[in-house]
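This report concerns only the one structure given below.
Keep in mind that this is a model prediction, so the values were computed, not measured.
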Amino acid sequence: LLKNCLESVERLTTYRNYEILIVDNDSTEPATLEYLASTPHRVIPFREEYNHPKINNLASSQAEGEYVLLLNDDTEVIDGGWLEAMLEHAQRPEVGAVGAKLLYPDGRIQHAGVVTKASVWTRGIATHSYQFYSSDSPGHMGTLATPTNYSAVTAACMLLRKSVYDEVGGLDEKLRVSFDDVDLCLRIRERGYLIVYTPYAQLYHYESVTLGRGVDQPS
């Protein structure tokens, strides 16, 4: 999965001014260890129990760029202009975070923004809008095919200025598996920033393949 993700980034991305940081959370498979030893990218060891926000906070603290892209290893770039499409909005001073259009391998929508609170859309705390819609659907009043403001976007592919990430204190490490990205976006919104979904950044998302599905239980 990781190799497929990174090779798609390297092969297709037209914006070249980036660095890649890989966080290794106690990998044991020989093929994975061989790949990590051979990659030209920086590998950061994380020798603790899986904690999604802690892993990303660690990587962000060592990133040298002005922007931070949180990207799951179970994603695959489809179109070369994806990063520029996200930067288009992330560089706007009123925008706090930008999310992409993520597709299941069969072409249906996996993520196109996140809605919260009780409504016709939501199931529980937060729901991916237009999930399972066809990728070529325009959505309600064209919002699936248009950059749109949302309550949140998924951290499976989220771009934001590092200054904003640091301003809100990064991801909440108490939310080890789920909802840390929703929480981050809501805290960003509390600071007056917008959360933007753009359909012009498209990736496949082999959802929850690495870890499986999980929901944090109340302590």
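Shown here for Asn25 and Glu48, the closest heavy-atom pair between the two residues is ND2-O, 2.9 Å. Residues Tyr200 and Pro147 come closest through the heavy atom pair CE1-CD, 3.8 Å. The shortest non-hydrogen separation linking Ile20 to His41 is O-CB, 3.5 Å. Closest of all the heavy-atom pairs between His205 and Pro105 is O-CD, 4.2 Å. Closest approach of Ala155 and Asp181 over heavy atoms only: N-OD2, 3.0 Å. Between Asp180 and Asp172 the shortest heavy-atom distance is CB-O, 4.3 Å.
Of the possible donor and acceptor atoms, none in the side chain of Ser129 sits under 3.5 Å from a partner among the backbone N and O of Val115. Listed for the Asn57 side chain is a donor-acceptor partner under 3.5 Å among the backbone atoms of Pro53. Lys162 places a side-chain N or O within donor-acceptor distance of the main-chain N or O of Ser60, the cut-off being under 3.5 Å. The backbone N or O of Leu33 sits nowhere less than 3.5 Å from a side-chain atom of Ser27 that would complete a donor-acceptor pair. No side-chain donor-acceptor contact under 3.5 Å links Ser137 to the backbone of Ser134. Looking only at distances, no side-chain donor or acceptor of Thr116 sits under 3.5 Å from a matching main-chain atom of Ser151. The backbone N or O of Arg92 sits less than 3.5 Å from a side-chain atom of Arg161, completing a donor-acceptor pair. Of the possible polar contacts, one joining the Ser38 side chain to the Glu34 backbone as a donor-acceptor pair under 3.5 Å is found. Using a distance-only test at 3.5 Å, with no hydrogens or angles considered, a donor-acceptor pair links the side chain of Arg187 to the main chain of Gly170.
Separating the NE2 atom in His89 from the OG1 atom in Thr198 is a distance of 4.5 Å, to the nearest 0.5 Å. Distance CZ/Arg47 to CG/Asp24: 4.5 Å, rounded to 0.5 Å. Here CG of Leu71 is found 8.0 Å from CG of Leu6. Values are rounded to the nearest 0.5 Å. Interatomic distance, Asn51 CG to Lys174 NZ, rounded to the nearest 0.5 Å: 11.0 Å. In this structure, CZ in Phe46 is found 5.0 Å from CD1 in Ile55, a value given to the nearest 0.5 Å. Note that the CG atom of Asp106 and the OH atom of Tyr204 stand 9.5 Å from one another [nearest 0.5 Å].
A continuous path of ILVMFWY side-chain contacts below 4.5 Å connects Leu70 to Ile188, so both sit in one hydrophobic cluster. Following chains of ILVMFWY side-chain contacts shorter than 4.5 Å, one cannot reach Val196 starting from Val164, and the two form parts of different hydrophobic clusters. When hydrophobic clusters are built by joining Ile, Leu, Val, Met, Phe, Trp and Tyr residues whose side-chain heavy atoms come closer than 4.5 Å, directly or via intermediates, Leu194 is grouped together with Leu69. Trp82 and Leu159 fall within a single hydrophobic cluster, where Ile, Leu, Val, Met, Phe, Trp and Tyr side chains are chained together by heavy-atom contacts under 4.5 Å. By the rule that hydrophobic residues join a cluster once side-chain heavy atoms approach within less than 4.5 Å of another member, Tyr67 and Leu184 end up as members of separate clusters.
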(message) As a quick check of understanding, evaluate side-chain contact (heavy atoms from CB on, under 4.5 Å) for Leu171 and Tyr165, giving each step before the final call.
(response) CA-CA 8 Å; Leu171 292 162; Tyr165 194 89; 3.7 Å; yes
(request) Before giving the answer on side-chain hydrogen bond (donor to acceptor under 3.5 Å, both in side chains), spell out for Tyr197 and Thr143 the whole-Å C-alpha distance, their side-chain angles and the decisive distance to 0.1 Å. (result) CA-CA 9 Å; Tyr197 150 79; Thr143 52; over 6 Å; no
(request) For Val98 and Leu160, run side-chain contact (heavy atoms from CB on, under 4.5 Å): C-alpha distance rounded to whole Å, both residues' side-chain angles, the deciding distance at 0.1 Å, then the answer. (result) CA-CA 6 Å; Val98 182; Leu160 64 170; over 6 Å; no
(message) Does Glu10 form a side-chain contact (heavy atoms from CB on, under 4.5 Å) with Tyr18? I'd like the steps, not just the answer.
(response) CA-CA 10 Å; Glu10 296 165 336; Tyr18 63 80; 4.2 Å; yes
(message) Run the side-chain contact (heavy atoms from CB on, under 4.5 Å) test on Tyr15 and Met86 for me, step by step, so that the C-alpha distance in whole Å, both residues' side-chain angles and the decisive distance to 0.1 Å come before the verdict.
(response) CA-CA 11 Å; Tyr15 184 90; Met86 298 183 79; over 6 Å; no
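In this structure, Tyr50 and His52 have tilted ring planes: the angle between them lies in the 30° to 60° band.
Between Asn4 and Glu76, the side chains place a donor N or O and an acceptor N or O closer than 3.5 Å (distance only, hydrogens not considered).
Here the side chains of Leu102 and Cys157 are in contact, with some heavy-atom distance below 4.5 Å. When side chains are defined from C-beta on, Gln110 does not count as touching Leu103, because their heavy atoms never get closer than 4.5 Å.
A distance below 6.0 Å separates the ring centres of Phe132 and Tyr104.
With Leu2 as the fixed residue, the side chain to side chain contact (heavy atoms under 4.5 Å, CB included) test singles out one of Thr32, Leu36, Asp74: Leu36.
Open room surrounds CD on Glu29; 12 or fewer heavy atoms of other groups in view lie less than 6.0 Å from it. Crowding of Glu19 atom CD: a count of heavy atoms from other residues, nucleotides or ligands under 6.0 Å exceeding 12.
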